[in-house]
Amino acid sequence: MIRIEVSPQDVMASRFAISPLIETMHALWILSGAAEAGVHRPWAERTREPYEKLRRSEPGVAALTALFGRGDYNADFIAPPPAGVDVAIEEELAVMRATPLAQARDEIARNLRGRPCPPPEIMAVLDRPDVVDRLADALEATWKQIVSNDWPRFRAILQRDVVHRAGRLATYGWAAALDDLSPRVRWRADGGAGHIAVRMDTPGQDERHRLSGRGLLFVPTVLGPGVAAYLEDAWPYALVYPARGVAAQYLPPRGLARLIGGTRATILLQTPATTSQLAALLGLSVGGTGDHVAALREAGLITGTRVGRSVLYHRTPLGDALVNGG
């Protein structure tokens, strides 16, 4: 169990971020077989061929995936926590490439500790003096050839989650923000400021960390296999967790789709979201998406709230009842 102690000041200091680099790493987790595809099986099957081509042409891909281990420590420098909500992957890769070689070697050694030694061709890459650049090159190639094609849709899901959970943290506090984040994450009041309890897979793991006013960085993920914590002093303290509404992008409920149509069923399931976010999720024009949104509004299933320059649509009680079958 990991316990992250927080103070009232940590609510104000905590923030949310979206990381294309972390999403790219999680794509390799699925495609390499280090994590089950689960609801992402249609995506994995569609991207299997380009992944195999990439693995054959880019030696760093095999070296990178050799470090993946569910429930074990994974080198943090591979995909460090992002600095903000919309950081470009080029900026994230630049941060990764700036990792000192000594730190990278230390994290790789820790990553491999207690595991069978990888094949010689893998170790040949991991032992290189330019290992950081080699692994960064592999992630950059994976992004360009695989993940970037789906990024508008993934980004829309992540943005929706950030809006939802950041609002709950600011308005209601830790307990509300962590509610339904993951079965592995719980808020414990302790009769005082309280702590975040994170249950990990590693047997006997028992750690206690203190935020001390620095806050926590929350990073939702679409492709990630579960909860991961960055709790190394070299990086911002961060918690990676599955975003809401991931499964809905693949298969809306059949009954709901028969009733109002597949596109409108997907919109109903994917709210809260803006029209542009929904267009990215659906692969439609903003105008075409707007027509569907207007129809759902007229039916009383969704309503809009202006947030800055955008309108955020969310389900009405009638829309909730339709989705939940109540």
Side-chain angles (χ1 to χ4, degrees), residues 18-58 60-75 78-79 89 92 111 115-116 118 122 135 138-161 180-185 198-202 219-229 239-254 256-257 262 265-266 269-270 280-283:
I18 291 172
S19 173
L21 183 58
I22 288 177
E23 213 61 59
T24 301
M25 177 184 70
H26 288 153
L28 286 176
W29 273 74
I30 291 175
L31 294 172
S32 68
E36 293 291 334
V39 298
H40 301 294
R41 189 167 302 282
W43 174 85
E45 291 174 352
R46 175 166 53 83
T47 54
R48 180 69 58 192
E49 184 176 347
Y51 166 71
E52 292 298 338
K53 289 181 179 178
L54 182 64
R55 190 172 60 85
R56 291 191 295 267
S57 64
E58 185 66 55
V61 170
L64 191 61
T65 57
L67 296 175
F68 296 157
R70 186 102 185 252
D72 298 321
Y73 170 79
N74 290 274
I78 291 173
I89 193 169
E92 291 193 281
N111 200 147
R115 298 171 57 185
I122 299 297
L135 298 183
L139 284 164
E140 185 172 10
T142 304
W143 164 262
K144 290 179 177 179
Q145 298 180 37
I146 298 176
V147 180
S148 63
N149 298 325
D150 295 296
W151 182 244
R153 177 165 52 87
F154 292 165
R155 182 170 174 264
I157 294 172
L158 298 172
Q159 286 178 326
R160 289 187 304 105
D161 185 274
D180 82 354
L181 186 145
S182 167
R184 294 178 177 272
V185 180
V198 184
R199 180 167 51 85
M200 306 301 287
D201 289 329
T202 305
V219 186
T221 174
V222 172
L223 299 174
V227 172
L239 193 66
V240 181
Y241 65 92
R244 301 167 70 249
V246 169
Q249 66 180 310
Y250 297 113
L251 187 63
R254 292 180 181 177
L256 183 60
T266 300
L269 288 165
Q270 293 291 357
L281 286 165
L282 297 166

task = Of all the heavy-atom pairs spanning A138 and G60, show the shortest one and how long it is.
result = CB-C, 3.5 Å

task = Identify the heavy atoms of L158 and P220 that sit nearest to each other, and give their distance.
result = CD2-O, 3.3 Å

ask   = Out of curiosity, I146 CD1 to R48 CZ, how far, rounded to the nearest 0.5 Å?
value = 9.5 Å

key: Between CD1 on residue I89 and OG1 on residue T24, distance to nearest 0.5 Å   = 4.0 Å

request  = Look only at the side chain of H40 and the backbone of V222, and say whether a donor-acceptor pair between them is shorter than 3.5 Å.
outcome  = yes

query = Does the side chain of R46 reach to within under 4.5 Å of the side chain of D150, using non-hydrogen atoms?
reply = yes

query = If you take all heavy atoms of L223 and I30, which pair is closest and at what distance?
reply = O-CD1, 3.5 Å

request  = Can you see which heavy atom on W43 is nearest to which on A27, and at what distance?
outcome  = CH2-CB, 3.6 Å

ask   = Which atom pair, heavy atoms only, marks the closest approach of F68 to A34?
value = CB-CB, 3.8 Å

remark   = Tightest non-hydrogen contact, residues E23 and G224, listed as OE2-N, 4.0 Å

request  = Report yes or no: does R184 contribute a side-chain atom to a donor-acceptor pair with the main-chain N or O of A228 at less than 3.5 Å?
outcome  = no

key: Worked check of side-chain contact (heavy atoms from CB on, under 4.5 Å) between R56 and K53   = CA-CA 5 Å; R56 291 191 295 267; K53 289 181 179 178; 3.5 Å; yes

message = Counting C-beta onward and ignoring hydrogens, is there a side-chain heavy-atom pair between L139 and L64 closer than 4.5 Å?
response = yes

task = First locate atom CG of L181, then atom CG of D161, and finally report the distance between them rounded to the nearest 0.5 Å.
result = 7.5 Å

ask   = Can you tell me how far CG of L31 sits from OG1 of T65, rounded to the nearest 0.5 angstrom?
value = 10.5 Å

ask   = CG of L21 to NE2 of H26: how many Å apart, nearest 0.5 Å?
value = 10.0 Å

message = Before you tell me yes or no, could you show the steps for L28 and V61 under side-chain contact (heavy atoms from CB on, under 4.5 Å), namely the whole-Å CA-CA distance, both residues' side-chain angles and the distance that decides it to 0.1 Å?
response = CA-CA 8 Å; L28 286 176; V61 170; 4.2 Å; yes

request  = State, yes or no, whether a side-chain contact exists between F154 and P20 at a heavy-atom distance under 4.5 Å.
outcome  = no

ask   = Nearest 0.5 Å, what's the CE-CG distance between M25 and L135?
value = 12.0 Å

